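Step one of this worksheet: look at the structure below.
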Amino acid sequence: MKKVMVGMSGGIDSSVTAYMLQNDGFEVEGIYLKLHNRTDGYHEKNLQYIEDVAKFLGIKYHILDLTNEFKEEVYDYFVNSYLEGTTPNPCVKCNRQIKFGAMLDFAKKHGASYLATGHYAKTDGEFFYEADDKTKDQSYFLSQVTKEALPYMMFPLSTYKKEDIIKFGEKLDSAYKRITEKNESQEICFVETVYTDVVKKHANIDIPGKVLDEEGNVVGKHKGYMHYTIGKRRGFTVDGAHEPHFVIKLNPKDNTIIVGKKEALEINSVEIENLNMFIDEKEFDCSVKLRYRSKSTPCHVKLENNKGYIELEEPVFGVAVGQLAVFYKDEKVLGSGWIKNTK
């Protein structure tokens, strides 16, 4: 009987994942990741749900404390990105370094043939693919996971819709029903409210500054550059403006933001770095997603020296440096890289 470790968060997706794998004849053990020292009962609540599910399934689970690794690899990167005026994607970093890095190493050391999670995505051991439920698909967030990790990964929810998993859980057992009644966890586990609340523990983010137009003229005021991301259109003044203005650039050095009309957000080419590719070609046509919730855009890609140059077939609006560009061919993920420049 093959052993599968399941990354269990206390949520319905990972809890149903554990049940499905046991039902398929695998020996299942759970792993709970302790990634931060929240003092609001966060871990205690999650572990109670896991305890109940583990009892129902008759499985054991491990608590893996990766607080230090998470702080270095994910949390500090998150805060520093905002200080540098870029927009981070902590879930992508966490999947690569923590979940399918450190947690996978732990699973292998403990004799597991596979590591399974409740992600909505598919893999055949060589590539990632979009999940059937496109509204929940997480292939974008997995696209920086190393090629070496792929053969060990399992996503049993890949063909299901989220609402079906919830309905299934409600009927399964009271341990599961209780989980379906709690609030869904928010996108970023260590952000309890808004990102600025995290950043202001580390820096004074409320230093008012000047709003500039594209020619460098002062046209208004803002409340501190870290309050803004590319494409934001509120929270600053533009004197005498009759049309909406959007943030098109942040300048941390002098605490200014540059704004322009909608067309100023138009991007036709993108430079990326820190590539993670699942194909060997250095030049190809595909489609690209430049942020998680965006539709993919046809493009031409050239790769050299661990950098990529993307020419978009049609312009995209409001692309942020620091986000991830993910390449797709139909539903298959070809690879990804971090956005360094746009024009």
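The shown structure was predicted, so the numbers you read here are calculated from the model rather than taken from an experiment.
A donor-acceptor pair shorter than 3.5 Å cannot be found between the side chains of Y152 and S113. T87 and Q323 share no side-chain donor-acceptor pair at under 3.5 Å. Side-chain contact annotation: Y61 with E51, donor-acceptor N/O pair under 3.5 Å present. Residues Y120 and D13 have side chains that bring a donor and an acceptor to within less than 3.5 angstrom of each other. For N80 and D76, the side-chain atoms include no donor-acceptor pair closer than 3.5 Å. A donor-acceptor pair shorter than 3.5 Å can be found between the side chains of Y129 and D124. There is a side-chain donor-acceptor pair under 3.5 Å between N251 and T256. For the residue pair E313 and H300, no side-chain donor N or O sits within less than 3.5 Å of a side-chain acceptor on the partner. Inspection of the H202 and Y75 side chains reveals an N or O donor paired with an N or O acceptor under 3.5 Å.
Follow the hydrophobic side-chain contacts under 4.5 Å out from I207 and you never reach I257; the two are in separate clusters. By the rule that hydrophobic residues join a cluster once side-chain heavy atoms approach within less than 4.5 Å of another member, F127 and L115 end up as members of one cluster. Follow the hydrophobic side-chain contacts under 4.5 Å out from F106 and you never reach L47; the two are in separate clusters. V79 and Y228 fall within a single hydrophobic cluster, where Ile, Leu, Val, Met, Phe, Trp and Tyr are joined by side-chain heavy atoms under 4.5 Å apart, directly or via other members. In the hydrophobic clustering of ILVMFWY residues, with side-chain heavy atoms under 4.5 Å counting as a link, I272 and V301 come out together.
A distance below 6.0 Å separates the ring centres of H110 and H62.
More than 12 heavy atoms of other residues, nucleotides or ligands lie within 6.0 Å of NZ in K3, so this atom counts as buried by the packing criterion. Atom NZ of K108 sits in a crowded spot, with more than 12 heavy atoms from other residues, nucleotides or ligands closer than 6.0 Å. Atom NZ of K232 has more than 12 neighbouring heavy atoms from other residues, nucleotides or ligands inside a 6.0 Å radius. Within a 6.0 Å radius of NZ in K134, more than 12 heavy atoms belonging to other residues, nucleotides or ligands are found. More than 12 heavy atoms of other residues, nucleotides or ligands lie within 6.0 Å of CG in D254, so this atom counts as buried by the packing criterion. For Y292, the OH atom sits in a packed shell: over 12 heavy atoms of surrounding residues, nucleotides or ligands are nearer than 6.0 Å. For K162, the NZ atom sits in a packed shell: over 12 heavy atoms of surrounding residues, nucleotides or ligands are nearer than 6.0 Å. Residue D330 places its CG atom among 12 or fewer non-hydrogen atoms of other residues, nucleotides or ligands, all under 6.0 Å distant.
Both tests do not hold together for K302 against Y309: distance to the six-membered ring centre under 6.0 Å, angle to the ring axis within 45°. Annotation: cation-pi geometry not satisfied between K147 and F278 (NZ/CZ under 6.0 angstrom from ring centroid, within 45° of ring axis).
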Verdict with supporting geometry, Y176 and F168, ring-ring contact (aromatic ring centres under 6.0 Å, His included) = CA-CA 9 Å; Y176 282 80; F168 181 75; 7.8 Å; no
Step by step, would you call F100 with H119 a ring-ring contact (aromatic ring centres under 6.0 Å, His included)?
-> CA-CA 12 Å; F100 302 105; H119 282 90; 5.6 Å; yes
Evaluate ring-ring contact (aromatic ring centres under 6.0 Å, His included) for F246 paired with F317, printing each intermediate quantity in order.
-> CA-CA 11 Å; F246 301 83; F317 289 87; 8.9 Å; no
Tell me, with the steps shown, if H36 and Y42 meet ring-ring contact (aromatic ring centres under 6.0 Å, His included).
-> CA-CA 10 Å; H36 34 72; Y42 175 86; 5.2 Å; yes
H227 and F236: CA distance, side-chain angles, deciding distance, side chain to side chain contact (heavy atoms under 4.5 Å, CB included) verdict | CA-CA 10 Å; H227 286 279; F236 54 86; over 6 Å; no
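Nearest heavy-atom pair, V326 versus S143, reported as atom, atom and distance to 0.1 Å: CG2-OG, 3.2 Å.
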